[in-house]
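Numbered from 1 within each chain, the chains take letters A, B, ... in sequence-line order.
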Amino acid sequence: MRSRTRPGAASARRQPVRLAPPMKQDIEQLLHAALAHLKGSVLPEDLPLSNLGLERTRDTANGDYASNVAMRLAKQAKLPPRELAQKIVAALPLSPALARVEIAGAGFINFFLAGSAQADVVRRVHELGAAFGRNGSGGNRRILVEFVSSNPTGPLHVGHGRHGAFGASVANLLEANGWSVHREYYINDAGRQVDILAVSVWLRYLEACGGKFRFPANGYQGDYVREIAADLLQKAGESLCRPDGEVFGNLPADEPEGGDKETYIDAVIGRARQLLGDQGFREVSDLALAAILADMENDLTEFGVIYDRWYSERSLAENGAIDRALDRLRKQDHVYEKGGALWFRATTFGDEKDRVVVRENGVKTYFASDIAYHLEKRERGFDVLLDILGSDHHGYVARVKAGLAAMGEPPESLEALLVQFVSLYRNGEKASMSTRAGEFITLRQLRAEVGNDAARFFYVVRSHDQHLDFDLELAKSRTNENPVYYIQYAHARVASVLRQLAAKGYQLDLALGLASLATLTSQQESALLTQLGKYPELIQLAGANRAPHALVHYLRDLANAFHTWYNAEQFIVEDAATRNARLALALAAQQVIRNGLALLGVSAPETM
RNA sequence: GCGCCCGUAGCUCAGUUGGAUAGAGCAUCGGCCUUCUAAGCCGAGGGUCGCAGGUUCGACUCCUGCCGGGCGCGCCA
């Protein structure tokens with residue numbers, strides 16, 4: 001899967017993108033010319049012609065494209081919509097691309113493509129190959145897509161998997177639309193969570209030293225902590241071992257003894273620092289972080305989710321980015337002191353309350369790092385900062401936007417997509433997940449169970465703002481219930497046809513096929529051509545809406561159009577022109593499926 | 001209480017930024033393998049688009065108010 005996904009996208013980028021003009025733009029030009037012609041007579045001279053209301057039809061009975069412009073301009077033209085539509089159609093320049101234009105319903109103008117124009121898409125697909133569908137609508141603007149950014153305190157679980165699959169697909173889509181895309185993972189390596197991780201590892205290490213004690217209620221209890229502890233034992237020997245009495249003497253009670261688990265874990269952290277020294281503690285902490293980050297990167301890489309940069313929160317403090325951000329706020333007079341803390345006047349910028357940036361104890365808040373990080377992204381020259389966040393982070397968006405505005409950066413440069421939660425179902429029952437208790441299902445386990453293709457596919461099959469029920473049985477079933485195979489099967493079938501072609505002693509003559517596209521006139525062929533023609537528009541739409549699920553649905557419809565045709569018609573026939581035209585169409589369908597699946601990070605197999 | 005998201009067929013969900021008779025998959029029922037892969041195809045049934053108003057030529061889509069579900073509202077990260 002790795003070898004099929006990323007390199008495919010990369011090689012597509014290297015190909016020259018010839019802009020064979022999509023059909024929609026051609027028709028828009030015709031319509032524009034007609035309306036311009038009517039200005040001053042039927043239509044007002046100063047009428048802006050920005051939106052022509054031209055769209056793909058749902059039903060080809062209404063043509064390939066339809067415009068509602070006559071209905072919307074009827075009032076200004078002081079004419080009934082159908083009458084205005086007639087004048088527009090009369091003013092339409094002649095074009096070989098159009099078979100006919102009809103007026104229908106309340107005043108729709110329906111455009112029917114000529115068969116030759118419809119079949120032209122096959123030629124374009126063969127010309128452009130992996131670049132078919134890619135376009136320059138992004139204008140090479142620079143966008144930083146930040147996603148997953150899970151706390152490095154344990155393995156990635158199934159929720160992170162959705163973020164990974166969604167973020168990677170959105171990034172691919174943006175790239176296909178001509179954006180300059182940078183993929184980034186923000187590592188929260190500066191906070192208390194990391195201390196809890198470090199102390200959890202150390203305590204498991206102490207157990208290996210022979211220590212006997214109750215593990216803190218608030219510690220990380222997963223098996224991975226023991227593995228890291230074993231690693232620590234190998235690297236550090238017994239040099240970090242300390243007797244139980246020194247470690248646990250005079251500590252407050254933990255939760256099971258009626259105490260507070262937060263207070264208790266903080267006390268254990270304090271004791272660990274005291275006994276190991278700051279440097280010793282940092283050693284444990286660094287080892288734990290490195291182990292977990294290596295595991296996460298490996299996990300994501302195997303999943304086809306690859307980053308340009310892993311950005312450390314600690315480095316923000318070390319390279320002065322936090323101080324720079326606070327300086328900007330101070331200079332603009334957007335901070336004040338209260339109760340010994342430093343507050344950011346977020347309410348000035350539409351947030352619901354002011355926010356602390358430096359605590360009474362002098363420690364900078366997580367929020368201070370956040371706005372510093374976003375300022376730093378802007379300093380690196382990114383036009384759009386796309387944050388893919390969990391839906392529980394929605395309150396955070398207004399805050400960071402306020403921060404950006406206060407620092408003199410446009411708040412619209414931050415775009416946040418909130419991804420809803422994932423529920424895992426096994427045998428119709430919801431599987432529970434809790435990191436602390438260590439009973440979660442990891443992304444790695446999920447991938448092992450259902451495979452990368454099914455996982456990548458199922459994660460993006462729903463809109464990101466829709467709660468996702470992930471059905472394990474369905475995802476791993478190798479039956480017709482599983483939609484991943486439906487699309488892959490269409491791809492494999494074309495490969496199979498080519499194998500059969502060779503077995504029957506024929507050779508593909510693509511030139512003859514492309515010259516014979518006029519033979520593709522059946523209802524199924526016409527439907528497939530229409531579907532292929534929609535692909536470039538779909539890529540633009542899915543990119544603009546950050547909606548990989550739209551691509552999933554498109555590919556299903558495309559596969560359906562293909563399978564229907566496959567069942568209706570034999571491709572390998574006697575007549576050379578017909579045979580090669582059909583093969584050219586089949587190959588074009590295969591190419592578009594491959595292009596679409598590549599954007600989703602799903603493989604396109606030759607056999608199934 | 002305030003804020004964000006969701007509510008569409010028995011189930012899970014699309015719905016091209018306000019268009020034409022609201023669509024898929026699964027499930028149910030009925031057909032199609034001497035022909036390129038049946039992981040496929042064809043057909044049937046199934047709907048008060050949560051409820052009530054409003055905006056206009058036209059509303060699943062926009063506005064208001066309810067009802068129901070999820071998630072957030074720390075000098076935590």
Side-chain angles (χ1 to χ4, degrees), chain A residues 53 55-59 61-62 66 68 71-72 74-75 80-81 104-108 110 151 153 188 190-194 196 262 313 338-343 352-353 355-361 363-367 369-370 390-398 418 420-421 425 461-469 471 474 477-486 488-490 492-501 503-504 524 534 537-538 540-542 544-545 547 549-550 552-554 556-557 559-560 562-573 582-583 586 607-608:
Chain A
E55 278 168 6
R56 276 280 179 184
T57 56
R58 274 211 183 94
D59 187 347
N62 296 321
N68 60 12
M71 276 132 73
R72 289 191 294 110
K75 209 171 266 179
F108 290 101
N110 293 339
N151 281 340
T153 51
N188 296 115
R192 178 169 166 265
Q193 299 300 323
V194 176
I196 298 179
E262 304 285 352
E313 181 188 353
K338 190 179 92 184
L342 190 68
W343 294 72
E352 53 189 19
K353 54 180 92 166
R355 307 288 174 179
V356 172
V357 284
V358 183
R359 293 202 284 266
E360 192 180 358
N361 62 11
V363 177
K364 284 144 191 156
T365 60
Y366 182 83
F367 174 62
S369 312
D370 270 338
S391 61
D392 53 340
H393 282 64
H394 64 79
Y396 153 111
V397 178
L418 302 174
Q420 297 293 319
F421 293 159
Y425 284 80
V461 78
R462 304 286 174 239
S463 166
H464 66 86
D465 55 18
Q466 195 74 235
H467 189 101
L468 179 69
D469 289 332
D471 184 334
L474 179 61
S477 74
R478 308 190 127 281
T479 71
N480 59 352
E481 293 170 20
N482 194 330
V484 190
Y485 295 114
Y486 185 81
Q488 291 183 321
Y489 184 45
R493 263 185 158 173
V494 178
S496 172
V497 169
L498 288 185
R499 287 190 293 271
Q500 280 298 316
L501 185 74
K504 291 183 178 175
Q524 292 83 2
K534 286 180 182 175
E537 296 157 30
L538 184 280
Q540 282 204 28
L541 186 77
N545 292 347
H549 77 278
V552 170
H553 287 102
Y554 168 85
R556 216 218 73 89
D557 289 345
N560 176 246
F562 175 79
H563 287 308
T564 300
W565 176 47
Y566 179 94
N567 275 272
E569 222 111 47
Q570 191 78 15
F571 301 171
I572 303 173
V573 292
R582 286 178 182 171
L583 291 172
T607 59
M608 288 180 72

Among [options], find the nucleotide with the atom closest to the side chain of [X].
X: Arg462(A); options: C13(B), C36(B), U16(B); value: C13(B)
X: Asp465(A); options: C36(B), A77(B), C5(B); value: C5(B)
X: Gln500(A); options: C76(B), C36(B), U16(B); value: C36(B)
X: Asn62(A); options: A77(B), A20(B), C4(B); value: A20(B)
X: Ala106(A); options: G40(B), G25(B), G19(B); value: G19(B)
X: Tyr566(A); options: A20(B), A38(B), G40(B); value: A38(B)

Under 4.0 Å between any heavy atoms, over every strand shown, what does [X] touch: base, sugar-phosphate, or nothing? Just pick one.
X: Gly340(A); result: nothing
X: Ala74(A); result: nothing
X: Ser463(A); result: sugar-phosphate
X: Ala492(A); result: base
X: Lys364(A); result: nothing

Whole-Å distance between [N] [atom2] and [X] [atom1]?
X: Asn560(A); N: A39(B); atom1: CG; atom2: C1'; result: 14 Å
X: Glu569(A); N: U35(B); atom1: CD; atom2: C1'; result: 13 Å
X: Gln420(A); N: G69(B); atom1: CD; atom2: P; result: 16 Å
X: Leu541(A); N: U16(B); atom1: CG; atom2: C1'; result: 5 Å
X: His549(A); N: G25(B); atom1: NE2; atom2: P; result: 17 Å
X: His464(A); N: C13(B); atom1: NE2; atom2: C1'; result: 15 Å
X: His553(A); N: U8(B); atom1: NE2; atom2: C1'; result: 14 Å
X: Glu360(A); N: C76(B); atom1: CD; atom2: C1'; result: 16 Å

Could you tell me which non-hydrogen atom of [X] sits nearest to which non-hydrogen atom of [Y], and how far apart they are?
X: His549(A); Y: Val461(A); value: CB-O, 3.6 Å
X: Pro81(A); Y: Ala106(A); value: CB-O, 3.3 Å
X: Gln420(A); Y: Ser391(A); value: NE2-CB, 3.4 Å
X: Gln193(A); Y: Thr153(A); value: O-CG2, 3.7 Å
X: Ile572(A); Y: Gln500(A); value: CD1-CB, 3.9 Å
X: Ala492(A); Y: Arg499(A); value: O-NH2, 4.3 Å

Should [X] be listed as having a side-chain N or O under 4.0 Å from OP1 or OP2 of [N]?
X: Arg355(A); N: C75(B); answer: no
X: Thr564(A); N: C42(B); answer: yes
X: Lys534(A); N: U16(B); answer: no
X: Gln466(A); N: U12(B); answer: no
X: Arg359(A); N: C76(B); answer: yes
X: Lys353(A); N: G74(B); answer: yes
X: Tyr396(A); N: G74(B); answer: no
X: Arg72(A); N: G19(B); answer: no

Between [N] and [M], how many Å separate the two [atom1] atoms, rounded to a whole number?
N: G45(B); M: G30(B); atom1: C1'; value: 11 Å
N: G18(B); M: A59(B); atom1: C1'; value: 7 Å
N: C5(B); M: C11(B); atom1: C1'; value: 22 Å
N: U61(B); M: C51(B); atom1: P; value: 11 Å
N: C4(B); M: A9(B); atom1: C1'; value: 29 Å
N: A14(B); M: A24(B); atom1: C1'; value: 7 Å
N: G69(B); M: G74(B); atom1: C1'; value: 26 Å
N: C63(B); M: A27(B); atom1: C1'; value: 39 Å

Decide whether a cation-pi geometry holds between Arg493(A) and Tyr566(A); the criteria are a distance under 6.0 Å from NZ or CZ to the six-membered ring centre and an angle within 45° of the ring axis.
yes

Taking atom types as they are modelled, is there a donor-acceptor pair under 3.5 Å from the base of [N] to the side chain of [X]?
X: Asn110(A); N: A20(B); answer: yes
X: His394(A); N: G3(B); answer: yes
X: Asn68(A); N: G19(B); answer: yes

Whether Arg582(A) side chain and Gln570(A) backbone form a donor-acceptor pair below 3.5 Å
yes

Under 3.5 Å for both donor-acceptor distances, Watson-Crick or wobble: does [N] have a partner, and if so which one?
N: A44(B); answer: U28(B)
N: G7(B); answer: C67(B)
N: C73(B); answer: G1(B)
N: U17(B); answer: none
N: C36(B); answer: none

Which residue lies toward the 5' end of RNA chain B, Ala190(A) or Thr57(A), if each is placed at its nearest nucleotide?
Thr57(A)

Want to settle it: does Ala550(A) or Ala66(A) sit nearer the 5' end of RNA chain B, counting the closest nucleotide to each?
Ala550(A)

Between A20(B) and Phe108(A), is there a base-stacking contact, meaning the centre of the base's six-membered ring lies under 5.5 Å from the residue's ring centre while the planes stay under 30° apart?
yes

Syn/anti state for U48(B) [syn: chi within 90° of 0]
anti

Syn/anti label of C67(B) as read from its glycosidic torsion, with the cut at 90° from 0:
anti

Within-4.5 Å side-chain heavy-atom neighbours: Glu55(A) and Thr57(A):
no

